[in-house]
Novice: 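My questions all concern the structure below.
Reminder, nothing fancy here: chain letters follow the sequence lines and each chain counts from 1. Only a predicted model underlies this, so the values are computations on that prediction, with no experimental measurement involved.
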2 protein chains.
Amino acid sequence: MDIDISSFITDFSNCCSKVQTKFFKKGEVITSYINKRNQFCILIKGKADLLRYDFNGNRTIVEHFSNNDIFGEVFYIISTNNELLVEAKSNCEVLFFIYNDIHKKCKINCKFHESVAEILPELILNKIMDLNMRIELLSKRTTREKLLSYFNIISSQKLTKSFILPFSLTDLADFLSVDRSAMMRELKLLKDDNFIKKEGNRITLLY
Amino acid sequence: MDIDISSFITDFSNCCSKVQTKFFKKGEVITSYINKRNQFCILIKGKADLLRYDFNGNRTIVEHFSNNDIFGEVFYIISTNNELLVEAKSNCEVLFFIYNDIHKKCKINCKFHESVAEILPELILNKIMDLNMRIELLSKRTTREKLLSYFNIISSQKLTKSFILPFSLTDLADFLSVDRSAMMRELKLLKDDNFIKKEGNRITLLY
DNA sequence: CATAATAAGTTGCATTTGCAACAGAAAAGA
DNA sequence: TCTTTTCTGTTGCAAATGCAACTTATTATG
């Protein structure tokens, strides 16, 4: 994605009134999915995670967001009884608006409709690709396969076989939906079997 | 989704030339994801599955499509080395077009741009909701949780606690990414623990 | 800088899951 | 209808995974 939204998104308070930008500090909750509000968010700057906690206390990192990623309640059916919340992993700048409004061009030709609404289709397509990648990972049968698939994705994104994980190992386990200690054990086995080299959070693929 | 696309989609060969409708018989391959062709499909009628076979011979039902569901290569990054293919589970009618073209309104005011292009945002939003539901299922840690989550979803969709599974049990296992015999065992345990009643492929929730 | 908090790394043990191999039931096809 | 194929249901055993508990690094924070 080559678009830098932040360069042309500054303040929409003069045009579409329901569009607003907010800032969050690391650790703060950006939004939680409770009611059906058709809320639509764009992460302009920073890193954030969509988290789910189940009754057993297990945390799942449902999605991991960075620049230009979109999220919000509008993407979720009522369904789930588990709490979903988006938490800032670093300082974040987030654009909020209501999805319903987006397609109706406002009378005044505002910046919002000129810029953001134009690129929405591309942002949405990217989101679908992310979700499909996520499904591919989660549908792998073993921890080993999940790890190797994930490493392959990172490797092909960064165009190198050696990279620092964008997650802590604790978070990676929650992202792959596996027990952390079991994952650590499997990482060691992958090292022993010469599939990977591992120095702290740097992984090098040996194949 | 209340829209019945089939009622106004018949033949686009007179307008946008690259838009076409095709028919498939049960068991036929509708498309396979190999090259990056920006192919975009709408399932007008029938049931179809997106399947992945890994090198161990495991089959995964990545997505399960019915009326108005969308799919195609445009939603996938190059990435995966596994073969992905969409197979008709019943006789199907499918609309094919290239996603790039969709936003450029053609000069002649064709039926395609009048109808399909208009409802695309809604179809896409539905797809994202489906994918999120899928991720929620797959990220459940145990077979029991996967089964119960799945049953809850079906139950709330059909507005009844008693329903016939839209999958064979074999397919359900491939959809939840678990071993079939292990799933059968867990189903029996759920029965023994009085969580469900099970008569063949009819499930009744007892809670 | 000292201290607290979080993350990495490890291990034994219990539980869950996958695998393989069946038999019987149901569905599809000739 | 008969035959073949697919699906359901079951089980023993091996392997993978989760859980709990702990130690050692590393990173925040006053």
Side-chain angles (χ1 to χ4, degrees), chain A residues 25-28 49 51 54-61 87-91 137-148 164-193 195-203, chain B residues 25-28 49 51 54-61 87-91 137-148 164-193 195-203:
Chain A
K25 290 194 181 138
K26 178 177 174 176
E28 287 182 332
D49 286 340
L51 305 177
D54 67 21
F55 24 64
N56 299 319
N58 286 318
R59 184 185 72 148
T60 303
I61 299 180
E87 195 180 293
K89 300 296 282 182
S90 68
N91 291 349
L137 273 187
L138 291 174
S139 64
K140 292 290 158 75
R141 307 293 177 109
T142 62
T143 303
R144 171 169 292 216
E145 279 184 287
K146 286 181 180 182
L147 284 169
L148 289 178
I164 290 168
L165 292 170
F167 279 126
S168 70
L169 292 172
T170 304
D171 284 359
L172 180 57
D174 289 345
F175 186 70
L176 299 180
S177 253
V178 294
D179 178 73
R180 187 187 64 84
S181 66
M183 188 191 81
M184 295 297 287
R185 185 164 35 205
E186 192 60 38
L187 278 171
K188 201 165 61 175
L189 291 175
L190 279 169
K191 246 188 340 192
D192 294 349
D193 292 352
F195 277 95
I196 61 166
K197 204 165 77 183
K198 175 170 179 308
E199 302 128 312
N201 286 27
R202 169 173 291 280
I203 302 291
Chain B
K25 290 195 180 137
K26 179 177 175 177
E28 286 183 332
D49 287 340
L51 305 176
D54 67 20
F55 24 65
N56 299 320
N58 286 318
R59 181 185 75 147
T60 303
I61 299 180
E87 195 181 293
K89 300 296 281 182
S90 68
N91 291 350
L137 273 187
L138 290 174
S139 64
K140 292 290 158 74
R141 306 294 176 108
T142 62
T143 303
R144 171 170 290 218
E145 279 184 287
K146 285 181 180 183
L147 284 168
L148 289 179
I164 291 168
L165 292 170
F167 279 126
S168 70
L169 293 172
T170 305
D171 283 0
L172 181 57
D174 289 346
F175 185 69
L176 299 180
S177 253
V178 295
D179 178 72
R180 186 188 64 83
S181 67
M183 187 192 81
M184 295 296 287
R185 184 165 34 205
E186 193 59 39
L187 278 172
K188 201 167 61 176
L189 291 176
L190 279 169
K191 243 184 350 186
D192 294 347
D193 292 352
F195 277 95
I196 62 167
K197 203 165 78 183
K198 177 173 177 304
E199 300 130 310
N201 286 25
R202 168 174 292 280
I203 302 291

Novice: When the distance from CG of Leu190(B) to C1' of dT16(C) is rounded to whole Å, what number comes out?
Specialist: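 Rounding to the nearest Å, CG of Leu190(B) and C1' of dT16(C) are 14 Å apart.
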Novice: Between dG18(C) and Ser181(B), is there an OP1 or OP2 to side-chain N/O distance shorter than 4.0 Å?
Specialist: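 False: Ser181(B) side-chain N/O out of range (4.0 Å or more) of dG18(C) OP1/OP2.
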Novice: Under a 4.0 Å threshold between the charged nitrogen and the carboxylate oxygen, would Arg59(B) count as salt-bridged to Asp171(B)?
Specialist: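 A salt bridge is present here (some side-chain N lies under 4.0 Å from a carboxylate O).
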Novice: Would you kindly give the CE-to-P distance between Met183(A) and dT17(D), to the nearest whole Å?
Specialist: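 After rounding, the reported distance stands at 12 Å.
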Novice: On DNA chain D, nearest-nucleotide positions of Ser177(A) versus Arg180(A): which is more 5'?
Specialist: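 Upstream on the strand: Ser177(A).
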Novice: What is the separation between atom CE on Met184(A) and atom C1' on dT23(D), rounded to the nearest whole Å?
Specialist: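 Atom CE in Met184(A) sits about 13 Å away from atom C1' in dT23(D).
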Novice: Quick check: are there more than 12 heavy atoms from other residues, nucleotides or ligands sitting under 6.0 Å from NZ of Lys197(A)?
Specialist: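 Open.
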Novice: Starting from P on dC19(D), measure out to CG on Asp54(A) and report it in whole angstrom.
Specialist: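 Distance check: Asp54(A) CG to dC19(D) P gives 10 Å.
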Novice: Looking at Lys191(B), I'd like to know if its NZ atom is crowded, meaning that more than 12 non-hydrogen atoms belonging to other residues, nucleotides or ligands lie closer than 6.0 Å.
Specialist: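 Yes, enclosed.
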Novice: Write down the distance between CD (Glu145(A)) and C1' (dA16(D)), rounded to a whole number of angstrom.
Specialist: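 Interatomic distance, CD of Glu145(A) to C1' of dA16(D): 12 Å.
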Novice: Is any side-chain nitrogen or oxygen of Lys198(B) closer than 4.0 Å to OP1 or OP2 of dT8(D)?
Specialist: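 No, outside the criterion.
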Novice: Name the closest nucleotide to the Arg185(A) side chain, picking from dT10(C), dT8(D), dC13(C).
Specialist: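 Between dT10(C), dT8(D), dC13(C), the one nearest the side chain of Arg185(A) would be dC13(C).
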Novice: Could you work out which one of dT17(C), dT10(C), dT17(D) sits closest to the side chain of Thr143(A)?
Specialist: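 The listed nucleotide nearest to Thr143(A)'s side chain is dT17(D).
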Novice: If you take all heavy atoms of Glu145(B) and Asp54(A), which pair is closest and at what distance?
Specialist: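 For Glu145(B) versus Asp54(A), the nearest heavy atoms are OE2-OD2, 3.7 Å.
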Novice: If the cut-off is 4.0 Å, is Lys188(B) near the phosphate of dT8(D), judged by side-chain N/O to OP1 or OP2?
Specialist: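 Answer no for this pair, as no side-chain N or O of Lys188(B) is under 4.0 Å from OP1 or OP2.
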Novice: Figure out the CG/C1' separation between Leu187(A) and dG9(C), and round it to whole Å.
Specialist: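 Interatomic distance, CG of Leu187(A) to C1' of dG9(C): 11 Å.
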Novice: To check you understand the geometry: which heavy-atom pair defines the closest contact between Asp179(B) and Ala173(B), and what is its length?
Specialist: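 So the minimum-distance heavy-atom pair works out to C-CB, 4.4 Å.
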Novice: Can you tell me the distance, in whole Å, between the CG atom of Asn201(B) and the P atom of dA25(C)?
Specialist: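 For the pair Asn201(B) CG and dA25(C) P, the rounded distance is 16 Å.
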Novice: If you assign Lys26(B) and Glu186(B) each to the DNA chain C nucleotide with the nearest heavy atom, which residue ends up on the more 5' nucleotide?
Specialist: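 That would be Glu186(B).
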Novice: Calculate the interatomic distance between Lys146(A) atom NZ and dG18(C) atom C1'; express it in whole Å.
Specialist: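 Nearest whole value for this atom pair: 14 Å.
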Novice: Choose from dT17(C), dC7(D), dT17(D) the nucleotide whose nearest atom is closest to any side-chain atom of Ala182(A).
Specialist: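 Selected nucleotide (nearest to the side chain): dT17(D).
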Novice: Using OP1 and OP2 only, check whether a side-chain N or O of Thr170(B) sits under 4.0 Å from dC7(D).
Specialist: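 Checking Thr170(B) against dC7(D): no side-chain N or O falls below 4.0 Å of OP1 or OP2.
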